[in-house]
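Some notes on the structure that comes next.
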Amino acid sequence: LKARDDGVLVVSEITPGGAAAETGNIWLDDAVVAVDGGSVAGGSVNEVKDRIVGPPGTDVELTILRGGRTVKVKLRRRHPTPLLMSPAAPSPPNSQLTKSRRRGGANYNTFVGMI
């Protein structure tokens, strides 16, 4: 998510292997107006992300504004499908490399899926 100049929160990235990518029901630049029926007006990006993220296997309903229409999208929260990468491989397109940690001499990259 990112905040536009007018304060509206929009989807700025869809994590490969995450629930939004799996269903295809969330699009880039969709404006998020509510999470589980509660308005996000005035909320920060981090506050809204905290409301969207939850335990895998639980559901979250997003109300989005797309092209002047309000759409409700129900997603089942999940961990993104792990991506196989070699240390020399480039990051996949539209992914967010959030942290890298070293274990036993090998690098394991962790991707965090917001939705």
Side-chain angles (χ1 to χ4, degrees):
L1 290 178
K2 71 177 179 180
R4 293 190 318 212
D5 291 339
D6 61 2
V8 173
L9 301 178
V10 296
V11 175
S12 58
E13 184 173 358
I14 297 175
T15 303
E22 180 77 15
T23 64
N25 292 334
I26 301 290
W27 300 353
L28 291 176
D29 296 324
D30 279 347
V32 179
V33 297
V35 177
D36 286 332
S39 174
V40 300
S44 72
V45 169
N46 287 334
E47 290 168 343
V48 175
K49 283 182 180 180
D50 287 346
R51 291 172 54 189
I52 294 171
V53 174
T58 61
D59 293 333
V60 62
E61 183 181 78
L62 302 180
T63 304
I64 58 174
L65 186 61
R66 178 187 301 147
R69 291 185 38 228
T70 301
V71 179
K72 291 189 179 197
V73 177
K74 189 174 185 179
L75 299 171
R76 171 104 357 144
R77 295 174 175 116
R78 58 182 283 188
H79 290 298
T81 305
L83 302 172
L84 298 177
M85 296 178 61
S86 70
S91 294
N94 299 323
S95 67
Q96 181 179 6
L97 180 59
T98 58
K99 62 182 175 178
S100 178
R101 58 185 173 221
R102 194 159 184 80
R103 286 190 189 161
N107 285 323
Y108 294 89
N109 294 316
T110 303
F111 290 86
V112 177
M114 298 315 303
I115 51 178

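Just so it is clear, the structure is predicted and the values come from calculations on it, not from any experiment. Position 1 is the first residue of the sequence, and the numbers go up from there.
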Contacts of Arg51 meeting side chain to side chain donor-acceptor pair (under 3.5 Å) (sequence neighbours excluded), chain-then-number -> none

Common cluster, Trp27/Leu9, ILVMFWY with side-chain heavy-atom separation under 4.5 Å: no

Any side-chain heavy atom of Ile26 within less than 4.5 Å of one from Val73? yes

Here the pair of heavy atoms bringing Val45 nearest to Ala3 is CG2-N, 3.9 Å

So CG of Leu62 and CG of Leu75: to nearest 0.5 Å the spacing works out to 5.5 Å

Practice problem: Please answer whether the main-chain N or O of Glu47 pairs with a side-chain N or O of Asp50 as donor and acceptor at a distance below 3.5 Å. | Solution: no

Sorted by chain and residue number, the salt bridge (Lys or Arg N to Asp or Glu O under 4.0 Å) partners of Lys74 (sequence neighbours excluded) come out as Asp59

Output for pair (Thr63 OG1, Asp30 CG), nearest 0.5 Å, gives 11.5 Å

Notebook entry, point to check: Counting heavy atoms not belonging to Asp6, are there more than 12 under 6.0 Å from its CG?
Noted result: yes

message: Keeping Thr15 on the side-chain end and Gly18 on the backbone end, is there a donor-acceptor pair under 3.5 Å?
response: no

Here the gap from Arg76 atom CZ to Thr23 atom OG1, rounded to the nearest 0.5 Å, amounts to 12.5 Å

On a heavy-atom basis, the closest approach of Pro16 and Ala21 is CA-CB, 4.3 Å

Heavy-atom closest pair (Arg66 atom, Asn25 atom, distance to 0.1 Å) is NH2-O, 2.8 Å

Review point. Honestly curious: do Leu65 and Val35 fall in one hydrophobic cluster under the side-chain, below-4.5 Å linking rule?
Key: no

Output for pair (Lys72 NZ, Asp36 CG), nearest 0.5 Å, gives 10.0 Å

When rounded to the nearest 0.5 Å, the distance separating CD1 of Ile52 from CG of Leu1 is 5.0 Å

Using a 3.5 Å distance criterion without hydrogens, assess whether the side chain of Arg4 forms a donor-acceptor pair with backbone atoms of Ala31. no

Under 4.5 Å between side-chain heavy atoms, hopping through other hydrophobics if needed: is there a path connecting Val11 to Val33? no

#### Entry: Val10 and Lys2, any side-chain heavy atoms less than 4.5 Å apart
yes

